[in-house]
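See below for the structure under consideration.
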There are 2 protein chains.
Amino acid sequence: MNRTASIKDVANHASVAVGTVSNVLNYPDRVSQRTKDRVLKAIDELGFVRNDAARQLRAGHSRTIGLIVLDVGNPFFTSVVRAAEDAAALHGSAVLLGDSGHDAGREANYIDLFQEQRVQGLLISPVGDVTERLDLLRERGVPTVLVDRLADEAKFSSVAVDDDAGGYLAARHLLDTGRRRLAFVGGPTSIRQVADRLQGAQRAVKEEADATLEVLESEGQTVLAGRSVGNMLVERGRENLPDGIFCANDLLALGVMQSLTMTHTYRIPEDVALIGYDDIDFAVSAVVPLSSIRQPTEALGRTAIELLAEEVESQNPTHRAVVFTPELVVRQSTGASSAV
Amino acid sequence: MNRTASIKDVANHASVAVGTVSNVLNYPDRVSQRTKDRVLKAIDELGFVRNDAARQLRAGHSRTIGLIVLDVGNPFFTSVVRAAEDAAALHGSAVLLGDSGHDAGREANYIDLFQEQRVQGLLISPVGDVTERLDLLRERGVPTVLVDRLADEAKFSSVAVDDDAGGYLAARHLLDTGRRRLAFVGGPTSIRQVADRLQGAQRAVKEEADATLEVLESEGQTVLAGRSVGNMLVERGRENLPDGIFCANDLLALGVMQSLTMTHTYRIPEDVALIGYDDIDFAVSAVVPLSSIRQPTEALGRTAIELLAEEVESQNPTHRAVVFTPELVVRQSTGASSAV
DNA sequence: TCGTACCAATGAAACGATTCAAACTCGAGC
DNA sequence: GCTCGAGTTTGAATCGTTTCATTGGTACGA
């Protein structure tokens, strides 16, 4: 008796055929008002809820989209996720969220899970390189859009931000404000984004004959990782301190900032200019408001869903790679004397 | 030809019956090694992936758990979500995440969606009061655990943090450090957490005859909302400034801090002591490291999943309400002269 | 009165898995 | 040679939808 009502129960209760109930649910126009009322009344009385498993079994696909991100705790992804959810809702789909935590094993688990769920398609910011596993998805015809990763257009659609341009923007800004001994904090460099931002920075530094760029590899991209790099810098002493630091993301930058300012030995931006990447909400409320590179996260999430919708609808596999250009946000940490 | 292989295709390819393939998948012990090898080979060659819709249609329930939070962007929930995902993975389940954004309509949509998906159970931090919608879930036998909200044990299991105790802790700390003109920032007070924290603070203030507590209602719980309350305080002038401010969460506190420090008129903690709630990562890296109330978010997420598992497994509806006690974290913003 | 057209409603078939009673195989034991 | 039982394998029935060819009914024009 505790079993949830099925469409058959509804049909009996309303004295109609099961097909009619289905039509009320899916093609209300095909049903007369009188019948519709009776059926809706029965649905209400029995507390009927459509079983999506049965529906998608028949339909052959679900109304869900799989989204696998590298770290839900990272505000960059949080923002992308939210935009994707909203955009998906407009398409009448729901987003199944997976967090790989930069772990290839967890990523693989989610890919398998989502395949079993027969998701309409997959949005993924892959761990490391595009693996055979993703190629397999493509072969199986699971529409897939890479997020925050440029891809070979012959294989996948993708949305990304031009990290090289962002890195260039950041380093160029430090150079423009007179800094010459630059440092780049980020890691591991096996992460493409980190590598690209570094490359862009190097490109900018090469434009100035007297400028140098030192690479300080961090263990991950967290506040804590940044703090330990910062501590290392503090121990080096003043003469070995860079005069401009570009961090691969804001969390790192905030960590570095903590270390440098907690000692009360160094001032930002007087002794060291600091710029991050992502422009998270907290950049503006840091000890010294943090300059940063803003990524169009909402556009990223929204566009990813749109590209996926394109793939789902069209049969022929034409892929698009959409690249967004990031934006420099100047705050106090790179020398603007007035705040905000 | 592009259709994904079904269990029947595998059976044909391996020259066995469909039941045997199913047994290989679900009860490997029942199948002889020879047959198992043949079937596994066929699975591999055809790239067979189990269709979860069909499986759950037959089984009557899925291996997913619905989780609806008020705001994925809020680090408190991000942390709970992550802990819940990990705990669910241990139980062999996956988490479907929904973000209600404090909107009852979106919440309702997700509840409906998850019901259609026949989730094993639901974890929810409800918008406002426990609505009839939730009671309906209970009647329909969908195991439900309320998160971050105390519930009548007769009706639901729940995990929560004692917000009254947290509010008391915060206010008591301000009083203990000599503050007497306290202010509470938070809103809307229709949110239970906000109301409880306020109530706890009032309880502490009543213990000191000469202490007062002013309530400053904010528009939401964001950095921006905090900033506008802070701006209002700045305009009031020094003589009307409270000497201790307790914010209903860290985001608000960071916002208030921005306003107060940006003007360079007031010093924290000398002129005003400030304490937040949640102890988010960024509390420690604020302009002035922020004292806060730490909530055991990992325990919350993990326990929620465990309570849900209890509900799913046992038939008789015995509910439990687990309450965690928060913890005071003292930093510079309330007067500890040494940092960290 | 009949034929035609149209609209509603019907209900069997199909989707892809799991389940389970029944059938089969193969030795051991008598 | 026959029986018994354990170990395997079989395949029809089932879950709850959607789909679609078919049927029933009504109205209108010829």
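Chain letters run A, B, ... following the sequence lines, proteins first, then strands; residues in each count from 1.
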Suppose we screen for side-chain contact (heavy atoms from CB on, under 4.5 Å). Which residues come up paired with B:A87, at least two apart in sequence or across chains? B:R302, B:I305
Take the protein atom CD1 of A:I7 and the nucleotide atom P of D:dT19, then report the distance between them rounded to whole Å. 11 Å
Residues in contact with DNA chain D, drawn from residues 108-122 of chain B - heavy-atom cutoff 4.0 Å: none
Taking only side-chain N and O atoms of A:T20, does any of them lie within less than 4.0 angstrom of OP1 or OP2 on C:dT10? yes
Could you state the CG-C1' distance from A:N26 to D:dC20, rounded to the nearest angstrom? 14 Å
Run the ring-ring contact (aromatic ring centres under 6.0 Å, His included) test against B:Y110 and tell me which residues pass, sequence neighbours left out. B:F114
Could you tell me whether the phosphate oxygens of C:dT18, OP1 or OP2, come under 4.0 Å of any side-chain nitrogen or oxygen in B:Y27? no
Assign a letter to each nucleotide of nucleotides 20-28 of chain C from its 5' end: B, base within under 4.0 Å of a protein heavy atom; S, sugar-phosphate only; -, no contact. ---------
Taking atom CZ of B:R320 as the centre, report whether more than 12 heavy atoms of other residues, nucleotides or ligands fall under 6.0 Å from it. no
For residues 76-100 of chain A, pull every pair meeting ring-ring contact (aromatic ring centres under 6.0 Å, His included), keeping only residues two or more places apart or in separate chains. none
Short question: side chain of B:R149, backbone of B:P126 - any donor-acceptor pair under 3.5 Å? yes
Presence of donor-acceptor pair under 3.5 Å, side chain of B:R58 and base of C:dT18: yes
Among C:dT18, D:dT10, D:dT18, find the nucleotide with the atom closest to the side chain of B:L25. C:dT18
Within the structure shown, what part of the strands sits under 4.0 Å from A:V21 by heavy-atom distance: base, sugar-phosphate, or nothing? nothing
Listed by chain and number, what are the side-chain contact (heavy atoms from CB on, under 4.5 Å) partners of B:T144, not counting sequence neighbours? B:L122, B:I124, B:L137, B:V142, B:L146, B:F156
Holding to side chain to side chain donor-acceptor pair (under 3.5 Å), I want the full list of residues that pass it with B:D112, two or more places apart in sequence or in another chain. B:R133
For residues B:D9 and B:F48, determine if any side-chain heavy atom of one lies less than 4.5 Å from a side-chain heavy atom of the other. no
Using a cut-off of strictly less than 4.0 Å, decide whether A:S22 has a side-chain nitrogen or oxygen near OP1 or OP2 of D:dT19. no
Between CG of B:N12 and C1' of D:dT10 the distance, given in whole Å, is 14 Å
Test of understanding: with side-chain contact (heavy atoms from CB on, under 4.5 Å), list the residues that count as partners of A:S100, not counting sequence neighbours. A:I68, A:L70, A:E107, A:V127
With sequence neighbours left out, the residues meeting salt bridge (Lys or Arg N to Asp or Glu O under 4.0 Å) with A:R58 are none
Residues of residues 42-57 of chain A with any non-hydrogen atom less than 4.0 angstrom from an atom of DNA chain C: list those, numerically ordered, please. A:L57
Starting from C1' on C:dG11, measure out to NZ on A:K8 and report it in whole angstrom. 11 Å
Non-neighbouring partners of A:R38 that pass side-chain contact (heavy atoms from CB on, under 4.5 Å), sequence neighbours left out: A:V16, A:R34
Atom-pair distance (CD on B:Q33; C1' on D:dT8), nearest Å: 14 Å
Qualifying residues under side chain to side chain donor-acceptor pair (under 3.5 Å), relative to A:D99, sequence neighbours excluded: B:R82
Ranking C:dA17, D:dT10, D:dT8 by distance to the side chain of B:V16, first place goes to D:dT10
